[in-house]
Amino acid sequence: MASAITIGAHCSASGGLWTAAERAVAIEAEAVQLFGSSPRAWRQTQHKPEAFQRFRELSAEAGLAPAWLHGSYLVNLAAPSDQQYERSIDSVVNALTVAHEAGAAGLVLHTGSHREAGLEAVLPRVLMAIERIIDMTPDDATLALETSAGQGGTIGSFTDLGVILDAVRSPRLQVCVDTCHVFAAGHDLRSEDGVTEMVERFDEEIGLEHLAVVHANDSKGELGGNLDRHENIGDGEIGYDGFRAVLGSMAFTGKTFLLEVPGIENDGPDLENVQRLKAIRDEVAAAVQHPDARGA
């Protein structure tokens, strides 16, 4: 396929890491994202070696690749409280270690919030945390900082992430683009021109070479509304045309798109959303291969 885009989904690992792989297969996903522990608690799940082995085996048998972990929602690498700061670092270290043991590509992480103080005020603290995390974790696990919707002092604008990556300068530190978040932050993804403008801005501020993975989510909120509310593919403000423009951009060739949508029955990423995104991918790929047939 010309686009070589992989369509995956975030799946529950309730019952054991390997169950995320089973759930991914059930909805015909080609890649999987999962939590290694509860995203809303500091307590870390102690996975047994056989759990990692079973996850690896099932993923290999099903051709699920790559796998990604997602970090805890409690993490804030800019936390003013020393207790939360240290817990955050420990949580990320643990998650990256789990990613390594599971054979996953790495960890997607919400960096945290500067609480309206501005990035400059908390930058030394964030950089120290990331440097400690990189020093304490396996060197084959990528840490991908996620773009934010621009709400409430969150760290995750293109400018924020560009400053952080430029300061750390580690090949293990990369970026995850979330389509809902960048749309909510003001980047118009509803047309080819809008996607091109977003890509150019990303390249200028961060560098396309640092784009590791994509979260594919439509948006309940309007353009620039700073609302972090995901919608099913095609049912939100980005819409089908927007996702055709995104998947048609050369910037996303070879990338993995991971669904984090509510689901048609509100039970998370499902077969319907996977099929919708695959259909868009295949339509875009066919148009590239047979441009004369476009619009016929």
Check for a donor-acceptor pair, side chain of Thr142 on one end and backbone N or O of Ala144 on the other, with a separation under 3.5 Å. no
In sequence, state the C-alpha distance, the side-chain angles, and the governing distance for Glu30 and Lys278, and then conclude on side-chain contact (heavy atoms from CB on, under 4.5 Å). CA-CA 10 Å; Glu30 300 163 345; Lys278 282 184 177 181; 3.5 Å; yes
Roughly how far, to the nearest 0.5 Å, is the CD atom of Gln53 from the CD atom of Glu50? 8.0 Å
Salt bridge check: are Arg132 and Glu86 linked by an N-O gap of less than 4.0 Å? yes
May I ask you to decide if Asp178's main-chain N or O and Thr147's side chain share a donor-acceptor pair within less than 3.5 Å? yes
Would you say the side chain of Thr154 lies within less than 4.5 Å of the side chain of Asp160, judging by non-hydrogen atoms? no
side-chain hydrogen bond (donor to acceptor under 3.5 Å, both in side chains) partners for Arg244, two or more places apart: Asp241, Glu283
Which pairs would a plain distance check flag for residues 21-29, meaning a side-chain donor or acceptor within less than 3.5 Å of a matching protein atom at least two apart in sequence or in another chain?
| from | atom 1 | to | atom 2 | distance (Å) |
| --- | --- | --- | --- | --- |
| Arg23 | NH1 | Ser12 | O | 2.7 |
| Arg23 | NH1 | Ser14 | O | 3.2 |
| Arg23 | NH1 | Thr19 | OG1 | 2.8 |
| Arg23 | NH2 | Ser14 | O | 3.2 |

d(Glu131 CD, Ile89 CD1) to nearest 0.5 Å is 10.5 Å
Rounded to the nearest 0.5 Å, what separates atom CD in Glu260 from atom CG in Asn217? 5.0 Å
Take His47 and Glu101, measure what side chain to side chain donor-acceptor pair (under 3.5 Å) needs, and give me the verdict at the end. CA-CA 10 Å; His47 301 286; Glu101 294 293 341; over 6 Å; no
Go through the steps for Met136 and Leu96 under the test side-chain contact (heavy atoms from CB on, under 4.5 Å), then give the verdict. CA-CA 9 Å; Met136 290 189 289; Leu96 277 168; over 6 Å; no
Please answer: with hydrophobic residues joined when any side-chain heavy atoms are less than 4.5 Å apart, are Val274 and Ile264 in the same cluster? no
Suppose we screen for ring pair (Phe, Tyr, Trp, His ring centres under 6.0 Å). Which residues come up paired with Phe55, at least two apart in sequence or across chains? none
Is there a path of hydrophobic side-chain contacts, each under 4.5 Å between heavy atoms, that joins Ile155 and Met128? yes
Can you check whether Thr45's main-chain N or O pairs, donor with acceptor, with Ser37's side chain at less than 3.5 Å? yes
Residue Gln275 excluded, over 12 heavy atoms near CD under 6.0 Å: yes
Nearest 0.5 Å, please: how far is CG in Leu109 from CD1 in Ile133? 7.0 Å
Working note: His230 + Asn232, criterion side chain to side chain donor-acceptor pair (under 3.5 Å); need CA distance, chi angles, decisive distance, verdict. CA-CA 7 Å; His230 298 183; Asn232 295 314; over 6 Å; no
Determine yes or no for a side-chain-to-main-chain donor-acceptor pair under 3.5 angstrom, with Arg125 supplying the side chain and Ala79 the backbone. yes
To check you understand the geometry: which heavy-atom pair defines the closest contact between His114 and Leu119, and what is its length? CD2-N, 3.6 Å
Check for a donor-acceptor pair, side chain of Arg54 on one end and backbone N or O of Leu17 on the other, with a separation under 3.5 Å. no
Quick one: hydrophobic cluster around Leu227, which other residues, with the 4.5 Å side-chain cut-off, linked directly or via members? none
Tell me whether Lys255 contacts the main-chain N or O of Val214 through its side chain, where contact means a donor paired with an acceptor under 3.5 Å. no
Grab the two heavy atoms, one from Ala41 and one from Ser72, that are nearest each other, plus how far apart they are. O-OG, 4.4 Å
Any chance you could measure His215, atom NE2, to Cys180, atom SG, to the nearest 0.5 Å? 11.5 Å
Quick one: does Ser113's side chain have a donor or acceptor within less than 3.5 Å of a partner on Gly153's backbone? yes
If I compare all heavy atoms of Leu247 with all of Phe257, which pair ends up nearest, and what's the gap? CD1-CE2, 3.5 Å
For Asp218, is there an ion pair with Arg276 - N to carboxylate O distance below 4.0 angstrom? no
Considering only Ile, Leu, Val, Met, Phe, Trp and Tyr, and joining two whenever side-chain heavy atoms are under 4.5 Å apart, list the other residues clustered with Trp68. Val108, Val213, Leu258
Sub-3.5 Å donor-acceptor pair from the side chain of Gln84 to the main-chain atoms of Leu74, do we have one? yes
Which residue pairs pass the ring pair (Phe, Tyr, Trp, His ring centres under 6.0 Å) test when at least one of the two sits in residues 18-39, sequence neighbours left out? His10-Phe35, Phe35-His70, Phe35-Tyr73
Taking every non-hydrogen atom, the tightest pair across Gly248 and Val284: CA-CG1, 3.4 Å
Any side-chain heavy-atom pair from Leu69 and Leu34 closer than 4.5 angstrom? yes
Any non-hydrogen side-chain atom of Leu277 less than 4.5 Å from a side-chain atom of Asn273? no
Rounded to the nearest 0.5 Å, what separation is found between the CG atom of Leu259 and the CD atom of Glu272? 11.0 Å
Kindly work out whether a path of hydrophobic side-chain contacts (I/L/V/M/F/W/Y, heavy atoms less than 4.5 Å apart) joins Ile164 to Leu208. yes
Find out whether Val199 and Phe252 are in side-chain contact, i.e. whether some heavy atom of one side chain is under 4.5 Å from a heavy atom of the other. yes
For the side chain of Ser59 and the backbone of Arg56, is there at least one donor-acceptor N/O pair under 3.5 Å apart? no
side-chain contact (heavy atoms from CB on, under 4.5 Å) between Arg172 and Asp139, intermediate numbers included: CA-CA 7 Å; Arg172 290 181 54 206; Asp139 60 11; 4.3 Å; yes
At their closest point, which heavy atom of Gln44 faces which heavy atom of Asp90, and how far apart are they? NE2-OD2, 3.0 Å
Do Asp235 and Val261 have side chains that approach each other closer than 4.5 Å (heavy atoms only, starting at C-beta)? no
Counting only N and O atoms by type, is there a donor-acceptor contact under 3.5 Å from the side chain of Ser88 to the main-chain atoms of Asn76? yes
When every non-hydrogen atom of Ala245 is compared with those of Glu192, the smallest separation belongs to CB-N, 3.7 Å
With side-chain contact (heavy atoms from CB on, under 4.5 Å) as the test, would you mind laying out the steps for Phe158 and Met198 before giving the verdict? CA-CA 10 Å; Phe158 289 179; Met198 182 275 287; 3.9 Å; yes
Take a 6.0 Å sphere around CD of Glu120 and say whether it holds more than 12 heavy atoms from other residues, nucleotides or ligands. no
